[in-house]
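Input: a single structure, listed below in structure tokens.
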There are 2 protein chains.
Amino acid sequence: MARPSTSRSPRHRTPRTSEAIATALLEAAAVEFAAHGYDGASTRRIAERAGAHQPQINYHFTSKEHLWRETVNRLFGLMAIDTPADDRGGPGDGDDLSVAFAATLRRFIHFSADHPELNRIINLEATTPSPRLDWLVATHLRPLYELVDGVWTALRASGRGADLTTAEVWELTTSYGALHFANEPMLAALGISTRPGRAGADEHADRLLAIVFP
Amino acid sequence: MARPSTSRSPRHRTPRTSEAIATALLEAAAVEFAAHGYDGASTRRIAERAGAHQPQINYHFTSKEHLWRETVNRLFGLMAIDTPADDRGGPGDGDDLSVAFAATLRRFIHFSADHPELNRIINLEATTPSPRLDWLVATHLRPLYELVDGVWTALRASGRGADLTTAEVWELTTSYGALHFANEPMLAALGISTRPGRAGADEHADRLLAIVFP
DNA sequence: GTCTATACCGAGATAGAC
DNA sequence: GTCTATCTCGGTATAGAC
């Protein structure tokens, strides 16, 4: 009732640095984009979730499109930290490669359990040709795929792994492996969700690895 | 220049029956909902794609929400035609069951290749709890899952099939099996899309069946 | 850099002539 | 039943005070 002028909608008594609010916006954007898709997500809701004002999105990221890209960049950055590139390739005999590749797959599954938003966002873009999809493939997916292809091809050449192409391993990992966590609400409603936390993620990684490395 | 009054934006010189336009709207809605999600799809675009006026959606389906449900109902109806329930279960020994189950999986994959919109729409709802998701599970997914569960359990009891739970078979089929076609634009951009048409669908069914029935 | 106010557009839904 | 006009709301983006 009192204080008619100084009341603001978002609550950030702590004025926060420019970087802090940018990060908060990116985190909120990941959740909203993952839940509602690019078109369905609204910058109002993203700002609200971040405890910021909607115009601050345009100030920090100039446009919704740029915000989306930076959100994806940030998530891929987090993934790179969790599943470092050293483990994806490197020299060594077939057994070394197999062990390293399996370990990386497991780490990727764990990352997907911790950050289901990334696979979610990728899958949302995957079905419709768009500039966003082109950018996503060129910037992030293709380099990653070629890395995987190199390792898997070498690995298969030395007789390890299941009789699957790189494309099959890729699809199994991203669709069956990672989407499991993004689809948790539906699986829970069906009564087939995994245990939450590390244990559940590990079990799902076991299931994937049983197919890729029988 | 001439005819100032009789020009209409949507082109349907043929006035079409009520049922024809309802079907056209449902087909258009499937494409738009699949491409942009529920929130992202617009009734204006759906009507435009169907060659109708936007208010006709409210006339025929009362609301966007109802239109969405009828769109899903129609797609599940088409699926039931393509993969009839007789083939999903029925009495018989283990070999009969295996053959019938494999045939049904194959038909489902073919249906998913012909109508990627259904798996797409399901996947869009799968990640966020909502009344739509609850309705989807209760109305369509749970009955289907329990059918699959009954058959797969019987089949496994007789020693057939890979050492997988029903949940694993379900996820492999819907994620790895069906999403392959929904994600075709991304896979094509990565250079790993399958051949179009029946042949490509059959090849992908082979890949899935090689995992489920080694 | 932050925040209020607002411009401008497109969304879903409704009214009423036809 | 169809179609035009329109209501109201929420979307992104911008202007300008502070």
Side-chain angles (χ1 to χ4, degrees), chain A residues 3-26 28-29 31-33 35-71 124 130-132, chain B residues 3-26 28-29 31-33 35-71 124 130-132:
Chain A
R3 312 190 331 153
S5 74
T6 47
S7 80
R8 291 89 170 257
S9 355
R11 65 291 175 197
H12 41 91
R13 320 290 189 226
T14 323
R16 293 194 292 189
T17 66
S18 194
E19 200 190 332
I21 176 163
T23 303
L25 285 170
L26 288 173
V31 175
E32 291 293 324
F33 282 133
H36 304 287
Y38 181 82
D39 293 321
S42 96
T43 55
R44 279 210 226 281
R45 285 178 55 89
I46 292 170
E48 188 183 5
R49 178 181 288 271
H53 292 270
Q54 183 260 339
Q56 292 183 286
I57 286 182
N58 289 288
Y59 177 78
H60 287 281
F61 300 97
T62 71
S63 75
K64 187 184 183 182
E65 183 95 19
H66 282 71
L67 172 65
W68 182 86
R69 291 197 187 189
E70 290 308 315
T71 301
L124 284 166
S130 74
R132 284 196 305 278
Chain B
R3 311 187 332 152
S5 75
T6 46
S7 79
R8 291 84 171 262
S9 358
R11 64 289 175 197
H12 42 91
R13 319 288 189 231
T14 323
R16 293 195 292 189
T17 64
S18 194
E19 202 191 331
I21 174 161
T23 304
L25 284 170
L26 288 174
V31 175
E32 291 293 324
F33 282 133
H36 304 286
Y38 180 82
D39 294 321
S42 95
T43 57
R44 285 211 223 283
R45 285 178 56 87
I46 292 170
E48 188 184 4
R49 179 181 288 271
H53 292 270
Q54 184 259 340
Q56 290 181 287
I57 286 182
N58 289 289
Y59 178 78
H60 287 280
F61 300 98
T62 70
S63 75
K64 186 184 185 183
E65 181 97 18
H66 283 71
L67 173 65
W68 182 87
R69 291 197 186 189
E70 290 308 314
T71 301
L124 284 165
S130 74
R132 284 196 306 277

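We use all heavy atoms of the structure for the numbers below, so side chains are in, but hydrogens, waters and symmetry mates are not. Proteins come first, then strands; the chains are lettered A, B, ... in the order of their sequence lines, and each starts at number 1.
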Distance, rounded to the nearest Å, where B:Arg45 contributes CZ and C:dG12 contributes C1': 16 Å

Distance in angstrom units between B:Phe33 CZ and C:dA11 P, rounded: 13 Å

Distance test, side-chain N/O of A:Gln56 to OP1/OP2 of C:dG1, below 4.0 Å: no

Whole-Å gap separating C1' (D:dT2) and CD (B:Glu19): 18 Å

Interatomic spacing from NE2 in A:His36 to CD1 in A:Ile46 - rounded to 0.5 Å: 9.0 Å

Whether B:Lys64 side chain and B:Ile57 backbone form a donor-acceptor pair below 3.5 Å: no

Side-chain touch B:Glu32/B:Ser42, heavy atoms, less than 4.5 angstrom: no

Partners passing side chain to side chain contact (heavy atoms under 4.5 Å, CB included) against B:Ala24 (at least two apart in sequence or in another chain): B:Arg16, B:Ala50

Closest to the B:His60 side chain, choosing from D:dG11, D:dT2, C:dA11: D:dT2

Side chain A:Glu70, main chain A:Leu67, donor-acceptor under 3.5 Å: no

Length of the CZ-P vector between A:Phe61 and C:dG1, whole Å: 14 Å

Contact state string [nucleotides 13-18 of chain C, B base, S sugar-phosphate only, - no protein heavy atom under 4.0 Å]: BB----

Sugar-phosphate only, base, or nothing, as touched by A:Ala41 at under 4.0 Å among non-hydrogen atoms: sugar-phosphate

B:Asp39 CG - C:dG12 P separation (whole Å): 10 Å

Parallel, tilted or perpendicular: rings of A:Tyr38 and A:Phe33 (30°, 60°): parallel

Of B:Ser18 and A:Ser42, the one whose closest DNA chain D nucleotide lies more 5': B:Ser18

Separation of B:Ile21 CD1 from B:Thr17 OG1 (nearest 0.5 Å): 9.0 Å

For atom CD of B:Glu32 and atom C1' of C:dA11, their distance in whole Å: 14 Å

Below 4.0 Å: OP1/OP2 of D:dC3 and any side-chain N or O of B:His53: yes

